[in-house]
There are 2 protein chains.
Amino acid sequence: MKDIKKRSDCPISNSLDVWGDKWSLLIVRDLMFAKECTYGDFLKSDEKIATNILASRLQMLETNGIITKQDHPDSKAKVLYKLTQKGVDLLPLMIEINLWADKYFTLPMERKAILEEVKKDKEGFIREKTIELLKDTD
Amino acid sequence: MKDIKKRSDCPISNSLDVWGDKWSLLIVRDLMFAKECTYGDFLKSDEKIATNILASRLQMLETNGIITKQDHPDSKAKVLYKLTQKGVDLLPLMIEINLWADKYFTLPMERKAILEEVKKDKEGFIREKTIELLKDTD
DNA sequence: TAAATTTGCTTGCGTTTTGCAAGTACAAAT
DNA sequence: ATTTGTACTTGCAAAACGCAAGCAAATTTA
């Protein structure tokens, strides 16, 4: 519920004020790869985020219009998290992070395969993935 | 001097382990816009980074090969910081951050003008800016 | 239908990181 | 010779983090 205070008028700074930490973009990543996730799904990710940190980040990402909550079709106990348009618009940025990391780190096979596809036609990949992610968004 | 511990094999995670905080990319931004900066130049930026945080971030960015120190031509008391190739390679990512911010925040005039140029020819902008930033890099 | 489990969080608490102010060492200018 | 500039370091209080445990509501199992 806390307000995000802008440190300056710079767009880079404004952006970092929202998702400039070690966890927020990992949540976005999970939503981009899995399309939608429950609270428990996020906890299962390799980086092992703490439950309180996850809760605070989900709250802040929702407050900032990057994600939304939806009812889970299977159960009232579950909550589905999805990217909003604003969240999906982070896709080009996420791709560039992947491309940079591809040059300076060792990627797992699986991600490397997706990146090959991206390198062939970046625009096309973004266009199709965006449509896919926005399906059933209210 | 501390080691960066990787939380997982994910490239997004690996990248965030290096520059996933509120300050590192602002240092990179300053170096991209000004080409090279002294310690004092970074302190002058609008966000008002604390001196100890700046020192620790410069150290960590250098350790991770994103920036390098160089002698200042004018004075032995000054230190010039510059982006390495690895640092310059963050340019596409920085551009995408700007483009995202352009959609969801209000940009200052000056940055808006640069972005118009970027929108016209992203590839060209990156190519030329990269050459400019790498000039006189040892 | 009662008990156990799942799910999405919240709470406590010790550790780490941050932010602010002040201090220091060396170079350069006065 | 003294003051100023530059690049940091240090101390300390406040905030954020990370781990474990707890909790309420929904769901499954016995």
Side-chain angles (χ1 to χ4, degrees), chain A residues 1-8 13 16-27 30-31 34 36-64 66-82, chain B residues 1-8 13 16-27 30-31 34 36-64 66-82:
Chain A
M1 212 63 72
K2 73 182 69 171
D3 242 27
I4 311 95
K5 61 170 168 236
K6 289 187 178 183
R7 290 171 295 170
S8 76
S13 171
L16 293 174
D17 286 340
V18 176
W19 46 256
D21 64 82
K22 299 244 178 283
W23 294 109
S24 295
L25 289 187
L26 295 184
I27 292 173
D30 285 349
L31 289 169
E36 46 193 30
C37 300
T38 63
Y39 193 89
D41 290 335
F42 293 119
L43 291 177
K44 279 176 212 144
S45 293
D46 287 344
E47 294 85 9
K48 300 294 162 218
I49 189 170
T51 60
N52 54 342
I53 306 293
L54 176 57
S56 72
R57 287 306 182 285
L58 289 172
Q59 170 66 51
M60 114 90 93
L61 288 173
E62 196 189 0
T63 300
N64 282 281
I66 311 266
I67 64 175
T68 35
K69 287 182 177 190
Q70 264 180 229
D71 292 342
H72 196 289
D74 296 353
S75 156
K76 270 187 229 168
K78 294 184 183 178
V79 178
L80 264 190
Y81 288 94
K82 292 196 67 179
Chain B
M1 213 62 74
K2 73 182 70 168
D3 243 28
I4 313 94
K5 61 170 166 235
K6 289 188 179 181
R7 290 172 294 170
S8 76
S13 171
L16 293 175
D17 287 340
V18 176
W19 46 256
D21 65 82
K22 298 245 178 283
W23 295 108
S24 296
L25 289 187
L26 295 183
I27 291 172
D30 286 348
L31 288 169
E36 46 193 29
C37 299
T38 63
Y39 193 88
D41 290 335
F42 292 120
L43 291 178
K44 279 176 212 143
S45 293
D46 287 344
E47 295 84 9
K48 300 293 163 218
I49 188 171
T51 59
N52 55 342
I53 306 294
L54 175 57
S56 74
R57 287 306 182 284
L58 289 172
Q59 169 66 52
M60 115 90 92
L61 288 173
E62 196 188 1
T63 300
N64 283 280
I66 311 264
I67 65 176
T68 35
K69 287 181 176 190
Q70 264 180 228
D71 291 342
H72 196 290
D74 296 354
S75 156
K76 270 186 228 170
K78 294 184 182 178
V79 178
L80 265 190
Y81 288 94
K82 290 197 68 180

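Within every chain, numbering begins at 1; the chains are lettered A, B, ... in the order of the sequence lines, protein sequences first and strands thereafter. As a basis for the values below, the full set of heavy atoms in this structure was taken, side chains included, without hydrogen atoms, waters or symmetry mates.
- The backbone N or O of B:E36 sits nowhere less than 3.5 Å from a side-chain atom of B:K82 that would complete a donor-acceptor pair.
- The shortest distance between the side-chain N/O atoms of B:R57 and the OP1/OP2 oxygens of C:dT18 is below 4.0 Å.
- The distance between atom NZ of A:K44 and atom P of C:dT6, rounded to the nearest whole Å, is 11 Å.
- With a 4.5 Å cut-off on side-chain heavy atoms, A:L16 and B:S24 do not count as touching.
- Between the side chain of B:Y39 and the main chain of B:T51, a donor-acceptor pair closer than 3.5 Å is present.
- Put simply, NZ on A:K22 is 10 Å from P on C:dT17, counting in whole angstrom units.
- As rounded to whole Å, 17 Å separates atom P of D:dA25 from atom OH of A:Y39.
- Side chain of A:D17 to backbone of A:R7: a donor-acceptor contact under 3.5 angstrom is found.
- Between B:L80 atom CG and D:dC8 atom P there is a gap of 12 Å when expressed in whole angstrom units.
- Side-chain contact between B:L58 and B:I67: present, with at least one pair of heavy atoms (C-beta onward) separated by less than 4.5 Å.
- Distances from the side chain of A:T51 to the nucleotides D:dA20, D:dT9, C:dG8 place D:dA20 closest.
- Not one side-chain nitrogen or oxygen of A:Y81 sits closer than 4.0 Å to the OP1 or OP2 atom of C:dT7.
- At least one donor-acceptor pair under 3.5 Å links the side chain of B:S75 to the backbone N or O of B:A77.
- For the pair B:D21 (side chain) and B:W23 (backbone), a donor-acceptor distance under 3.5 Å is present.
- Of all the heavy atoms in B:H72 and B:V79, the pair that sits closest is CB-N, 4.4 Å.
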Could you list all N or O pairs between the protein and nucleotides 27-30 of chain D that sit under 3.5 Å apart?
unit_1: D:dT27; atom_1: OP1; unit_2: A:S75; atom_2: OG; d: 3.3
unit_1: D:dT27; atom_1: OP1; unit_2: A:K76; atom_2: N; d: 2.4

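- The interatomic distance linking B:L16 (CG) with D:dC17 (P) rounds to 14 Å, in whole Å.
- As rounded to whole Å, 15 Å separates atom P of D:dT10 from atom CD1 of B:I53.
- Looking at heavy atoms from C-beta onward, B:C37 lies out of side-chain contact with B:I27 at the 4.5 angstrom threshold.
- The distance from atom CD1 of A:I49 to atom C1' of D:dG18 is 11 Å, rounded to the nearest whole Å.
- Residue A:S56 is classed as having no contact, given no heavy-atom separation below 4.0 Å to the nucleic acid.
- The side chain of B:W23 places an N or O atom within less than 4.0 Å of a non-bridging phosphate oxygen (OP1 or OP2) of C:dG19.
- Note: CG (A:N52) to P (D:dA21) measures 14 Å, nearest angstrom.
- End-to-end axis angle of the helix from C:dT1-D:dA30 to C:dT30-D:dA1, using five pairs per end and rounding to 10°, comes to 10°.
- Between A:K48 and D:dA20 there is no side-chain N or O to OP1 or OP2 distance below 4.0 Å.
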